[in-house]
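Scope of the values below: all heavy atoms of this structure, side chains included, with no hydrogens, waters or symmetry mates. Labels below follow one simple rule: chain letters A, B, ... track the order of the sequence lines, proteins then strands, and each chain is numbered from 1. Not measured: the values here are computed from a predicted model.
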Amino acid sequence: MKIATWNVNSVKARLEPALAWLKQANPDVVCLQEIKTVAESFPREAFEALGYNCAVHGQKTYNGVAILSKRPLEDVTPRLKGNDADDQSRYIEALVAGDKGVLRIASIYAPNGNPLGTEKFTYKLGWLERLAAHARDLLANEEPVALMGDYNVIPEDNDCYDPRAWVNDALFQPQSRAALRKIEFLGYTDAFRARHGEAGQYTFWDYQAGSWRKNQGIRIDHILLSPQAADRLGACVIDREVREGEKPSDHVPIWCELDI
DNA sequence: ATGCCGACAGGATGTCGA
């Protein structure tokens, strides 16, 4: 099956480009982030017309995540456990069947965390800690799992155009990178890095300062696979040409093939 | 220096993103 993730930066503002990309890329499952709308206003019919079922954990104005799937979505679980007071919609998980097995898949929108020295950064680190705890619990099931989305973490120096430009940014702090690395050390595989060693492969380019034109991007959208999923990994590709289209998101889709 | 751009809510312009 082909699974993808894309921070669309408003599903309503991105509806036409999203539908065009879905028709062309034809993924079986898509995780969306920053849909910026409540479930009642999610443009469900437009996606259903392309054959997708929709699981939505929405929020007004900010955040919001969803999973689209051609096969039915079972065991749909919104919210990341570990803090009942957290009312930001940043996580939804579901179970989806493939031809050869079942995949547990999560759409993740980790907090940005800027500026440093504020509760926003503390919240980011706490959220990633909760994600790691949940990721660890999922490993006990020994099933294929894909935790995919906008982690808001630049893993390595070669995942940004200039490390010096990011040293004071929450996305590049040692604590943020350690939080992502902790999930990998549990046994999860960065699908893109498993298939590509080259530097300068980005999933986000800021709208400002001509970042896209100058290819000054960062790689912050990640597909993390449990061992049972990583064993079935095929290609992993960043659809960077989507950034060239009309009214683009500042993120582009990234997808992989799983033999499931 | 910390805007530049874009989306949102609301009906001007402040907040947020990364």
Going by the rule side chain to side chain contact (heavy atoms under 4.5 Å, CB included), which residues pair with Ala133(A) if we only count those two or more places apart in sequence or in a different chain?
Arg136(A)
At 4.0 Å (heavy atoms only), tell me whether Asp150(A) reaches a base, stays on the sugar-phosphate, or touches nothing.
sugar-phosphate
For Phe172(A), report the nucleic acid contact type (base, sugar-phosphate, nothing); a contact means any heavy atom under 4.0 Å.
nothing
Quick one: Asn7(A) CG to dC16(B) P, roughly how many Å, whole number?
17 Å
Across all chains, not counting sequence neighbours, the side chain to side chain contact (heavy atoms under 4.5 Å, CB included) partners of Tyr123(A) are Asp86(A), Gln88(A), Arg90(A), Pro111(A), Trp127(A)
Figure out the NZ/P separation between Lys124(A) and dG17(B), and round it to whole Å.
10 Å
Compute whether any side-chain donor of one residue and acceptor of the other, for Glu143(A) and Ser226(A), lie under 3.5 angstrom apart.
no
Can you check the Tyr151(A) OH to dG17(B) C1' distance for me, whole Å?
20 Å
Starting at CG of Asn114(A) and ending at P of dT15(B), how long is that distance when rounded to a whole Å?
17 Å
Whole-Å P distance, dG6(B) and dG11(B):
24 Å
Output one letter per nucleotide in nucleotides 7-13 of chain B: B when a protein non-hydrogen atom lies under 4.0 Å from the base, S when only the sugar-phosphate is that close, - when neither is.
SSS----
Excluding sequence neighbours, so at least two apart, what forms side chain to side chain contact (heavy atoms under 4.5 Å, CB included) with Asp75(A)?
Thr77(A), Leu95(A), Arg104(A)
Between Asp150(A) and Gln33(A), does any side-chain donor sit less than 3.5 Å from a side-chain acceptor?
no
dA12(B) to dA1(B) separation - C1' atoms, rounded to the nearest Å
27 Å
Please identify each residue that fulfils ring pair (Phe, Tyr, Trp, His ring centres under 6.0 Å) with Tyr109(A), with sequence neighbours left out.
none
What distance, rounded to whole Å, do you find between the two P atoms, one in dG10(B) and one in dT15(B)?
15 Å
Could you tell me how far dG14(B) sits from dG3(B) if I compare only their C1' atoms? Round to whole Å.
15 Å
5'-most by nearest nucleotide on DNA chain B - Ala110(A) or Gly210(A):
Gly210(A)
Expressed as a whole number of angstroms, how long is the span from Asp206(A):CG to dC5(B):P?
10 Å
Return the value, rounded to whole Å, for the distance between atom CD of Gln33(A) and atom C1' of dG17(B).
14 Å
Just checking Asp250(A): base, sugar-phosphate only, or nothing, at a heavy-atom cut-off of under 4.0 Å?
nothing
Whole angstrom is fine here: how far is it from CG in Asp169(A) over to P in dT2(B)?
16 Å
Arg14(A) meets the side chain to side chain donor-acceptor pair (under 3.5 Å) criterion, sequence neighbours left out, with none
Just how far, in rounded Å, is P of dG17(B) from CH2 of Trp166(A)?
14 Å
